[in-house]
Structures are given as structure tokens and as C-alpha cells.
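The structure appears below as C-alpha cells.
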Amino acid sequence: QVQLVESGGGLVQAGGSLRLSCAASGNTISINTMGWYRQAPGKQRELVATIASGGSTNYAQTVRDRFTISGDNAKNTVYLQLNSLKPEDTAVYYCTYTGRLYYSLAAYYPDYWGQGTQVTVSE
């Protein structure tokens, strides 16, 4: 089992920034892919970004050039830097993990999910 604990969500004004963190513990392995999903009220869950353990990243078109995913392998932690936030970025953001390597958003299939952290962007 792998446990994922997210932090860093909150309320921010449009144009502001937040950094989300996700710490993985338990039976993690060095070869993995981690990703962030988000789900807004009444909308489908959306995969926002992924990062493979070698550092390869992928982004949804809706967040490209505004969000940055990064990882610290020594700490088993992945980050999501959210810049130039818009009200439509308001959602619960979920950290995910799999012990497989994925190099595209379309193929990504996580095995573990965190509890989620709320991001609210006001006008």
C-alpha cells in the first residue's frame, strides 16, 4: 500500500499562486509516475499533470504554461506549482501514484489516490 498526503490548498485571488505538495509513504518504489487530478463541482475529473520518476512531465492543455509539476525523489514528494490562477481552476486537487512509468496523460492509470486538497480561486 502507498499513502498519499496532500497539502497546500487554500483560497487565493485570481492571478495568484499556490503550491501543492504530496508526500508518498509506504511501499513506494523508485520507478513510478505521480500525477495530479482535479475535480470541480458538477464536472468530470480532469488529469492535470504527471511526472515520471526520471523527470518527464506532461500537462493538460488547460494548465500548460501556468502549472508546473516537480518531484523530489529523496523525499518521495511531488509538487504542483499553480500560477496565474483563474476562477475556473477552483476544484479539489488529488495526488495520485503508480509503480509504473507513463509518458503521456492519455495512458496514465494510477493505483493510489490521496484525499484531496481544496483550491478556491476568487474573482
Side-chain angles (χ1 to χ4, degrees):
Q1 292 290 320
V2 173
Q3 294 78 43
L4 303 171
V5 178
E6 302 106 329
S7 61
L11 173 64
V12 64
Q13 288 187 326
S17 299
L18 284 173
R19 189 175 83 152
L20 309 182
S21 300
C22 174
S25 62
N27 294 328
T28 59
I29 60 174
S30 60
I31 296 175
N32 60 72
T33 306
M34 296 184 72
W36 289 92
Y37 284 80
R38 66 183 181 184
Q39 187 164 23
K43 294 189 177 180
Q44 284 192 327
R45 189 172 291 173
E46 176 188 16
L47 177 58
V48 171
T50 62
I51 182 167
S53 50
S56 177
T57 59
N58 288 282
Y59 296 92
Q61 189 63 37
T62 52
V63 305
R64 194 182 303 274
D65 299 328
R66 297 189 301 121
F67 292 7
T68 302
I69 190 169
S70 62
D72 184 334
N73 290 333
K75 296 181 179 180
N76 279 340
T77 299
V78 66
Y79 306 96
L80 187 67
Q81 178 69 39
L82 291 64
N83 295 330
S84 302
L85 282 161
K86 306 174 182 179
E88 51 264 43
D89 294 318
T90 295
V92 178
Y93 284 71
Y94 297 91
C95 176
T96 61
Y97 173 98
T98 176
R100 298 178 295 276
L101 290 176
Y102 289 97
Y103 296 108
S104 71
L105 294 184
Y108 183 64
Y109 188 88
D111 297 310
Y112 299 96
W113 293 72
Q115 292 298 306
T117 185
Q118 177 71 47
V119 172
T120 304
V121 184
S122 63
E123 297 279 357

Please tell me whether [X] and [Y] are part of a single hydrophobic cluster in this structure, the criterion being side-chain heavy atoms less than 4.5 Å apart.
{"X": "Val48", "Y": "Val12", "answer": "yes"}
{"X": "Leu47", "Y": "Tyr109", "answer": "yes"}
{"X": "Tyr93", "Y": "Val63", "answer": "yes"}
{"X": "Tyr37", "Y": "Leu85", "answer": "no"}

Please check if the side chain of [X] supplies one atom and the backbone of [Y] the other of a donor-acceptor pair under 3.5 Å.
{"X": "Glu6", "Y": "Gly116", "value": "yes"}
{"X": "Thr77", "Y": "Ala23", "value": "no"}
{"X": "Thr96", "Y": "Trp113", "value": "no"}
{"X": "Tyr108", "Y": "Thr50", "value": "no"}

For residues [X] and [Y], determine if any side-chain heavy atom of one lies less than 4.5 Å from a side-chain heavy atom of the other.
{"X": "Glu46", "Y": "Gln44", "value": "no"}
{"X": "Ile69", "Y": "Trp36", "value": "yes"}
{"X": "Leu82", "Y": "Asp89", "value": "no"}
{"X": "Tyr79", "Y": "Asp72", "value": "yes"}
{"X": "Val121", "Y": "Val119", "value": "yes"}

For a quick test of reading the model, state the closest non-hydrogen atom pair linking [X] to [Y] and the distance between them.
{"X": "Val78", "Y": "Cys95", "value": "CG1-SG, 4.0 Å"}
{"X": "Gln39", "Y": "Lys43", "value": "NE2-O, 3.2 Å"}
{"X": "Ser17", "Y": "Ser84", "value": "OG-N, 4.3 Å"}
{"X": "Gln118", "Y": "Ala91", "value": "NE2-O, 3.4 Å"}
{"X": "Ala107", "Y": "Tyr102", "value": "O-CE2, 3.0 Å"}
{"X": "Leu4", "Y": "Ala24", "value": "CD2-CB, 3.6 Å"}

Within this structure, what is the [atom1]-[atom2] distance for the pair [X] and [Y], rounded to the nearest 0.5 Å?
{"X": "Gln115", "Y": "Ser7", "atom1": "CD", "atom2": "OG", "result": "13.5 Å"}
{"X": "Met34", "Y": "Ile51", "atom1": "CE", "atom2": "CD1", "result": "9.5 Å"}
{"X": "Tyr112", "Y": "Thr28", "atom1": "OH", "atom2": "OG1", "result": "10.5 Å"}
{"X": "Leu20", "Y": "Tyr94", "atom1": "CG", "atom2": "OH", "result": "13.0 Å"}
{"X": "Asn32", "Y": "Leu101", "atom1": "CG", "atom2": "CG", "result": "7.5 Å"}
{"X": "Asp111", "Y": "Thr98", "atom1": "CG", "atom2": "OG1", "result": "4.0 Å"}

Legend entry - Neighbour count above 12 (heavy atom, 6.0 Å) for Glu88 CD: yes

Legend entry - Ile29, CD1 atom: more than 12 neighbouring heavy atoms under 6.0 Å: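 Enclosed.
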
Legend entry - Geometric cation-pi criterion Arg64 and Tyr59, 6.0 Å radius, 45° cone: no

